[in-house]
Amino acid sequence: MPLRLYNTLSKTKEDFVPLDPKNVRMYVCGPTVYDYAHIGNARPAIVFDVLFRVLRHLYGDAHVTYVRNITDIDDKINARAIERRGTRNVPVLDVLRELTEQTLAQYLKDVAALGTLSPTVSPRATEHIAQMVAMIQTLVAAGHAYVGEGHVLFEVASKPDYGKLARRSLDDMIAGARIEVAPYKKNPMDFVLWKPSDANTPGWESPWGRGRPGWHIECSAMAEEYLGETFDIHGGGIDLMFPHHENEVAQSEAAHKEHPFALIWMHNGFLNVEGEKMSKSLGNFVTIDELLADWPGEVLRLNMLRSHYRQPMDWTVAGMKESWNTLERWYSVVEPVASRRIGAKFLEALSDDLNTPQAIAELHKSGPEELAGGLALLGFSAIPEHIAAKKAVDTVEIARAIEARNAARKAKNFKESDRIRDELLAQGIVLKDGPGGTTWDVKK
RNA sequence: GGCCACGUGGCGGAGUGGUGACGCAGCGGUCUGCAAAACCGCGUACCCCGGUUCAAUUCCGGGCGUGGCCUCCA
């Protein structure tokens, strides 16, 4: 069965046929580095990592290029840097650099803990200003962009198919527009490619004076740099579909004489926490870093994959416990198995638009070899220590207690043995008596 | 208001025009001093109303409900 992927452009599942099987190319919108990544940010990181792994499986590790950008220039970052500087007498640009470096390091640490492979390239916006300027110049020269009050704007009316990705017409958008109409815009929907910077804001020299790029242009410029004008897959969260992705398509195709940009657009669904939208005011805003303090990264990963990537998903503690138990059972089975095999039905499920819940169901039905193969393909280590409880426990003390309990049991002093068991339980330690002796686990 | 998703058993979550995925919980059993764990077994679910059909949870129309986007957001 060929790989089939749901394409937002056509709203159907399509057979995936790479432009070049020797170099399958995918671009995914990465983080804006100004704050800790939250659990919602983890979703695309994990989902597109699975796709990366499936593509590598199908086309070979050396034949897939995965680009995930790092947005390190952005007005949210600027605002945060000014806030962070406070009353300190240091240049805001130094604070900004410090902020983006720290946030990026944290992000990379977080997603590594989730078992994701490093993308082939992780380009940073600030290191590709020249490419962005060049693309903007091309757009201006081609009549798709104009200059107004130090800003360079993309003229949406110059692109008749503007709105094709999000499926909305220019008329609809203008009718429902709640955007501020800047005087230098010809059309309210025109968006910024370049804008002027003041002394306290990062800026680069350009044909239009000292300034900084708009949000959308970085992805277009960096995708072209590493993947060419046309490539196979572009991914990201569904909230980015409009305006970000719509604008990327418009810019890139306008700059490339209407050669298609990404052939397949993929969007992951949103994530709720315990049935509610995640927000700071509700107090249910969870960062990856916070979760990793309580849960192994691979548990987060499995929990994420139990929902189909396009479906909205509800993140719950109950679900996390279930995921943890499942992983423990699997790892206890898989550990001694040396050989691996990819199950046909498992691969078929993944090939059907990355149906990970179905793939996981197949794993439940599989023998050890196919389980090991499936776990490996999905990016699980199968190493029991990796899913050990984070809680600090005194293993020597527990071993001593188990010994004392078993001695009491042998002497048929069950009152004493039960007392020891209850005492351990009160500390969150659950005992399991098996044919091979007594083992223990941390209660979840 | 516009555009777009989704509504499956106690819960999570696939899927299908006709034989009740899968997991968790629950129930019964084996095992155990007793529990737990493990293993075995157990389930008359598809929002409502019309339509098409021999047959609809699955297709079509309408309704209701939930959510997302339209503004920074994964």
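All heavy atoms count here, side chains included; hydrogens, waters and symmetry mates do not. Throughout, protein chains are lettered first and strands after them, A, B, ... in sequence-line order, and every chain is numbered starting at 1. In this text, all values refer to a predicted model and were calculated from it rather than measured experimentally.
- Scored by the ring pair (Phe, Tyr, Trp, His ring centres under 6.0 Å) test, A/F414 finds no partners at all (sequence neighbours excluded).
- Residue contacts shown for A/R43 are absent, as no nucleic acid heavy atom lies under 4.0 Å away.
- Within the nucleic acid shown, A/R405 comes within 4.0 Å of at least one base atom, counting heavy atoms only.
- Per the geometry, CG belonging to A/L425 stands 13 Å off C1' belonging to B/rA37, to the nearest Å.
- Between A/D418 and A/R421 there is a salt bridge, since a side-chain N of the basic residue sits under 4.0 Å from a carboxylate O of the acidic one.
- Following rounding to the nearest Å, A/I420 (CD1) and B/rA36 (C1') show an atom-to-atom distance of 16 Å.
- Nucleotide B/rC59 forms a pair with B/rG51, judged by Watson-Crick or G-U wobble geometry with both contacts under 3.5 Å.
- Within the 4.0 Å cut-off from OP1 or OP2 of B/rG15, at least one side-chain nitrogen or oxygen of A/N355 is found.
- B/rA38 is paired with B/rU30 under the Watson-Crick or G-U wobble criterion, all donor-acceptor distances under 3.5 Å.
- In this structure, A/F346 atom CZ and B/rG15 atom P are separated by 16 Å, rounded to whole Å.
- Listed nucleotides: B/rC69, B/rC34, B/rC6. Nearest to the side chain of A/R168: B/rC69.
- For A/K365, taking side-chain heavy atoms from C-beta onward, the closest of the listed nucleotides B/rC69, B/rC22, B/rC34 is B/rC22.
- Taking 4.0 Å as the cut-off between side-chain N and carboxylate O, A/R168 and A/E246 do not count as a salt-bridged pair.
- Between the NZ atom of A/K277 and the P atom of B/rC73 there is a distance of 12 Å, rounded to whole Å.
- Distance CE (A/M266) to P (B/rA74): 19 Å, rounded to an integer number of Å.
- Under a 4.0 Å N-O distance rule, the pair A/R400/A/E403 does not qualify as a salt bridge.
- Among the atoms of the strands shown, none is found under 4.0 Å from any heavy atom of A/G319.
- When both distances must be under 3.5 Å, the Watson-Crick or G-U wobble mate of B/rA21 does not exist.
- In this structure, A/R25 forms no cation-pi arrangement with A/Y27, as its terminal cationic atom is not both closer than 6.0 Å to the ring centre and no more than 45° off the ring axis.
- Computed from coordinates, the A/E362 CD to B/rG23 C1' distance equals 13 Å when rounded to whole Å.
- Using a 4.0 Å cutoff on non-hydrogen atoms, no part of residues 244-252 of chain A comes near RNA chain B.
- With B/rC73, B/rA36, B/rA5 as the candidates, the nucleotide lying closest to the side chain of A/D433 is B/rA36.
- Comparing the C1' positions of B/rU66 and B/rU8 gives an interatomic distance of 15 Å, to the nearest angstrom.
- Residue A/L240 is classed as a sugar-phosphate contact, given heavy-atom separations below 4.0 Å to backbone atoms only.
- The nucleotide whose nearest atom lies closest to any side-chain atom of A/V430 is, among B/rC73, B/rG23, B/rA36, B/rA36.
- For the pair A/Y6 and A/F242, both in contact range of RNA chain B, the more 5′-proximal nearest nucleotide belongs to A/Y6.
- Across all strands shown, A/S417 has heavy atoms under 4.0 Å from base atoms, whether or not it also approaches the sugar-phosphate.
- Whole-Å rounding puts the A/L305 CG to B/rG23 P distance at 18 Å.
- Nucleotide B/rG65 has B/rC6 as its partner under the Watson-Crick or G-U criteria, with both atom distances under 3.5 Å.
- Each of A/G236 and A/P357 lies near RNA chain B, and the nucleotide nearest A/P357 is the one positioned closer to the 5' end.
- The P atoms of B/rG10 and B/rA38 are separated by 25 Å, rounded to the nearest whole Å.
- Crowding of A/K345 atom NZ: a count of heavy atoms from other residues, nucleotides or ligands under 6.0 Å not exceeding 12.
- Side-chain proximity of A/E322 to the nucleotides B/rA14, B/rC24, B/rA74 is greatest for B/rC24.
- Taking 4.0 angstrom as the limit, A/W440 places none of its side-chain polar atoms (N or O) nearer than this to OP1 or OP2 of B/rA36.
- If you check every strand for non-hydrogen atoms under 4.0 Å, A/K11 touches sugar and phosphate atoms only.
- Residue-level contact check: A/I360 touches neither bases nor backbone, having no heavy atom under 4.0 Å from any strand.
- Donor-acceptor pairing under 3.5 Å, judged by distance alone, is absent between the side chain of A/D441 and the base of B/rA37.
- With rounding to the nearest 0.5 Å, the separation of NZ in A/K159 from CZ in A/F154 is 6.5 Å.
- Comparing B/rG12, B/rG68, B/rC72 by their closest approach to the side chain of A/I238 singles out B/rG68.
- In the set B/rA14, B/rC34, B/rA74, B/rA14 carries the atom at the smallest distance from any side-chain atom of A/Q358.
- Comparing B/rC73, B/rG33, B/rG15 by their closest approach to the side chain of A/D418 singles out B/rG33.
- Judged purely by distance below 3.5 Å, without hydrogens or angles, the side chains of A/T126 and A/D72 pair a donor atom with an acceptor atom.
- The nucleotide whose nearest atom lies closest to any side-chain atom of A/K432 is, among B/rC73, B/rA5, B/rA36, B/rA36.
- Interface remark: the A/R421 side chain does form a donor-acceptor pair with the B/rA35 base, using a distance-only criterion of under 3.5 Å.
- Searching all strands for a Watson-Crick or G-U wobble partner of B/rG1 with both distances below 3.5 Å returns B/rC70.
- In the model, A/S197 has a side-chain atom that pairs as donor or acceptor with a side-chain atom of A/R212 under 3.5 Å.
- For B/rA74, the base has a donor-acceptor partner in the side chain of A/H38 [N/O atoms by modelled type, under 3.5 angstrom].
- As a whole-Å value, the separation of A/D239 CG from B/rC69 P is 7 Å.
- At least one cation-pi condition fails for A/R68 and A/F48: the charged atom is not both under 6.0 angstrom from the six-membered ring centre and inside a 45 degree cone around its axis.
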